[in-house]
There are 2 protein chains.
Amino acid sequence: MDNQHQPEITPGNTDSTEQRIFDAAHELFVLKGLDGAKMQEIADKAGINKALLHYYYRSKEKLYEMVAKAVIGRAVPVIQNLLESDDPLEEKISRFIDFYIDMVSRNPFIPLFVINELNKHPDRFFETILPKELPRPHAFFRQVEAEVAKGNLRPIKPQHLLVNVVSLCIFPFVAKPMIRIVLGLDQQEIKAFLAERKEAVKAFVFQAIRT
Amino acid sequence: MDNQHQPEITPGNTDSTEQRIFDAAHELFVLKGLDGAKMQEIADKAGINKALLHYYYRSKEKLYEMVAKAVIGRAVPVIQNLLESDDPLEEKISRFIDFYIDMVSRNPFIPLFVINELNKHPDRFFETILPKELPRPHAFFRQVEAEVAKGNLRPIKPQHLLVNVVSLCIFPFVAKPMIRIVLGLDQQEIKAFLAERKEAVKAFVFQAIRT
DNA sequence: CCCCGAGTTAACCAAAAAGTTAAACCCGAT
DNA sequence: ATCGGGTTTAACTTTTTGGTTAACTCGGGG
C-alpha cells in the first residue's frame, strides 16, 4: 500500500473491480470535477491499487470520459419521453416538474457537473460525450403553440416556457447553499423549503400560463 | 522565461503588476476554478514571472481567497439596495430582473463560480469569504406579504417568489451551452434568445403573481 | 557616484500526482 | 501439477505544479 491517505472504502460494494472503480470515479468526479478528483483518491474509495485504474481505464481522461458519458446519457432518454408523450400539456408539464425535481433532489450535483463540463470543456463534450440522440422538444413546442392559438394559454414562446420550467426546477437545488444563507435557513428548514418546490413551481407556472 | 506554454498576455493592461496579477487570476479562477487554474498559467496571462505571484500574494490559496472575496463582495451591496429600496413591489421586481440579467449576461461565469465555491469549499467560504453584510430580504418579504394580504397578489410564499425570480434570471445564462444544444440554436440565435429574457421573465413572473 | 530597496527574473526544489513496470497471485483448463 | 491468462500489487519513473532562492535591474536619495 503506497497509501498515505485514509482509505475509507465505500462499503457494500460487492460488484466487479471495474464497476467499483467506475462508481468511485463517478462519485468523486461529480463531486469535485476533473481536476479536483485525484486518482489516488478514487483508488482509495474503490478499495484498490492505483495501478488498477490504469489497467481498466487507460488514463484519467478516459475514465472521466466514461463517467461523463454515463451521467449525461442517463437523463436524456427520460426527458425525451416526457417531452414526446401525448399527454395533455398541463399534465405533461406537471410530470416534467415532478421528474426533474425528484431527479435533482436525489442527485443535486449532477446538473452542476453537466454545466461545468459543458462550460469548461465544450470541445470534449461535443466530440466524445454528447449522445447522438438528444431531446427533441419539437412536439412540446407545437403543443404549446397549439394551445396558445386555441386561447387556452397566454401567448408565450414555447422555448421560454421550457427554459423557465427547467430553471425553476434545477436552479434552487444547485444553489441550495446560497439560498440557505440568504434565507437564513437551517438544515431542516432548507430541506422543508425544497420539498415544497414541486407544488410551488407547478402553481407558479400554471398561474403564469393559464388564461 | 521558464515558459513552455503560449504566453498570450492579455493586452491593454497598463496597470500595476499587482493589479495585472489579480486580473489574470480573477479571469482564470472564475473560468476554471481553484484546481483547474495553474499558477504558471496565471503568470503567463499576467505577462510576468511565476515568482511574482508569490511575491505579491503569498500562495495560491491566498490569491484565490482575494479573488473569491472580490467576486462575491461586489454583488452583495447592489442586491441589498435593490431589495431594501421602497419602490412599489412590481417596480422593485422589475429592477431586480434588469439588474440580475444585465450582470449575469456580462459575466456569465460568476454565478457558476460562486455556486461551485459554495458547494466545494463551504468551510473556507464561511470562514473567510462570506462578507459580514449579506442581503437581508426581510423588507422584500414583508412587502410581498402585505400585497398578498391586500389582495393585490395571488398567495405565494415570498421566499419562493424570490427564488423563482433569481432562478429565472440566472439559470439560463449559466446553462447557456446546454440550452443552445437542446433548442438547436446557433451563436446568433442563442444571443437573441437570451436578449429576450428580460421581457420574457418579467411577463412570466407578473402573470404568475398578479391577481 | 554609490547604495538601497522594491521589483523582477531564471533556476532550482520538493511534493504531489499521473502513469508504468515487473513480479506475484489466483484459478480454471489442460 | 502446472500452464497460462486475467487480475492485482508494490515499487518505480515521469511529469506537473506550487513554492523558494539568489542574483540582477533600476531609479531615487545621500
Side-chain angles (χ1 to χ4, degrees), chain A residues 1-10 13-68 120-121 124 128, chain B residues 1-10 13-68 120-121 124 128:
Chain A
M1 284 279 213
D2 66 337
N3 171 10
Q4 59 279 59
H5 317 272
Q6 54 285 50
E8 54 176 307
I9 301 155
T10 302
N13 223 332
T14 176
D15 306 324
S16 71
T17 301
E18 191 170 355
Q19 187 61 40
R20 297 234 315 259
I21 292 174
F22 185 86
D23 291 342
H26 187 283
E27 180 173 341
L28 287 171
F29 278 139
V30 165
L31 202 60
K32 306 188 172 189
L34 171 59
D35 298 302
K38 307 301 171 188
M39 294 297 261
Q40 185 61 55
E41 220 185 343
I42 296 173
D44 288 350
K45 172 145 299 201
I48 46 95
N49 189 287
K50 192 162 58 86
L52 270 187
L53 299 183
H54 294 90
Y55 177 75
Y56 284 105
Y57 307 85
R58 284 158 50 114
S59 67
K60 191 184 186 183
E61 289 276 323
K62 287 263 189 294
L63 178 53
Y64 181 78
E65 248 177 46
M66 296 283 167
V67 170
K120 290 177 188 163
H121 319 283
R124 176 181 31 223
T128 71
Chain B
M1 283 281 213
D2 66 337
N3 171 10
Q4 60 279 55
H5 317 274
Q6 55 283 49
E8 55 179 307
I9 301 154
T10 303
N13 223 334
T14 177
D15 306 323
S16 70
T17 301
E18 190 171 355
Q19 186 62 39
R20 297 235 313 262
I21 292 174
F22 185 87
D23 291 343
H26 186 283
E27 180 174 340
L28 288 171
F29 278 139
V30 165
L31 203 60
K32 308 189 173 189
L34 172 58
D35 298 305
K38 307 300 172 187
M39 293 297 260
Q40 185 61 55
E41 219 185 344
I42 295 173
D44 289 349
K45 173 144 298 201
I48 47 95
N49 188 286
K50 191 162 59 87
L52 270 187
L53 299 183
H54 294 92
Y55 178 75
Y56 284 105
Y57 306 86
R58 287 159 51 112
S59 67
K60 192 184 188 184
E61 289 275 324
K62 287 264 189 294
L63 178 53
Y64 182 78
E65 249 177 45
M66 297 281 167
V67 169
K120 288 177 190 163
H121 318 281
R124 171 175 42 217
T128 72

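Here is how names work: the chains are called A, B, and so on, in the same order as the sequence lines, proteins then strands, and each is numbered from 1.
Here A/His26 contributes atom NE2 and A/Leu63 contributes atom CG; the two are 11.0 Å apart, rounded to the nearest 0.5 Å.
If you take OH of A/Tyr57 and P of C/dT20, they are 17 Å apart, rounded to a whole angstrom. The distance from atom CG of B/Leu63 to atom P of D/dG18 is 11 Å, rounded to the nearest whole Å. Distance, B/Ile42 CD1 to D/dG18 P: 8 Å, rounded to whole Å. If you measure from atom CG of B/Leu53 to atom C1' of D/dT20, you get 13 Å, rounded to the nearest angstrom. Atom NZ of A/Lys38 is separated from atom P of D/dT15 by 18 Å (rounded to the nearest Å). Here C/dA18 presents its C1' atom at 12 Å from CG of A/Leu34, a figure rounded to the nearest Å. As rounded to whole Å, 15 Å separates atom P of C/dT20 from atom NZ of A/Lys60. The distance from atom CE of A/Met39 to atom P of D/dT14 is 19 Å, rounded to the nearest whole Å.
In the helix from C/dC1-D/dG30 to C/dT30-D/dA1, the rotation axis of the first five pairs and that of the last five pairs differ in direction by 30°, rounded to 10 degrees.
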Can you name the atoms? Protein N/O to nucleotides 4-8 of chain D N/O, anything below 3.5 Å, with the distance.
residue : atom : partner : partner atom : Å
D/dT7   : OP2  : A/Tyr55 : OH           : 3.3
D/dT8   : OP1  : A/Thr17 : OG1          : 2.9
D/dT8   : OP2  : A/Thr17 : OG1          : 3.0
D/dT8   : OP2  : A/Tyr56 : OH           : 2.8

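Proximity of B/Gln19 to B/Tyr56: side-chain heavy atoms (C-beta onward) are nowhere separated by under 4.5 Å. By the 4.5 Å heavy-atom criterion applied to side chains, A/Leu53 and A/Ile48 are counted as neighbours. Side-chain contact check for A/Asn49 versus A/Tyr55: every heavy-atom pair is 4.5 Å or farther apart. No side-chain heavy atom of A/Asp23 sits under 4.5 Å from any side-chain heavy atom of A/Lys45. Side chains of A/Lys38 and A/Leu28 form no contact here, defined as non-hydrogen atoms less than 4.5 Å apart. Taking the side chain as every heavy atom from C-beta outward, B/Arg124 and B/Leu34 approach each other to under 4.5 Å.
At a cut-off of 3.5 angstrom, counting only N and O atoms as typed in the model, there is a donor on one side and an acceptor on the other between the side-chain of A/Lys50 and the base of C/dG19.
Judged as a salt bridge (Lys or Arg N to Asp or Glu O under 4.0 Å), and not counting sequence neighbours, B/Glu18 has no contacts.
For B/His54, no side-chain nitrogen or oxygen approaches OP1 or OP2 of D/dT20 to under 4.0 Å.
Below 30°, between 30° and 60°, or above 60°: for B/Phe22 and B/Tyr57 the angle between ring planes is between 30° and 60°, a tilted geometry.
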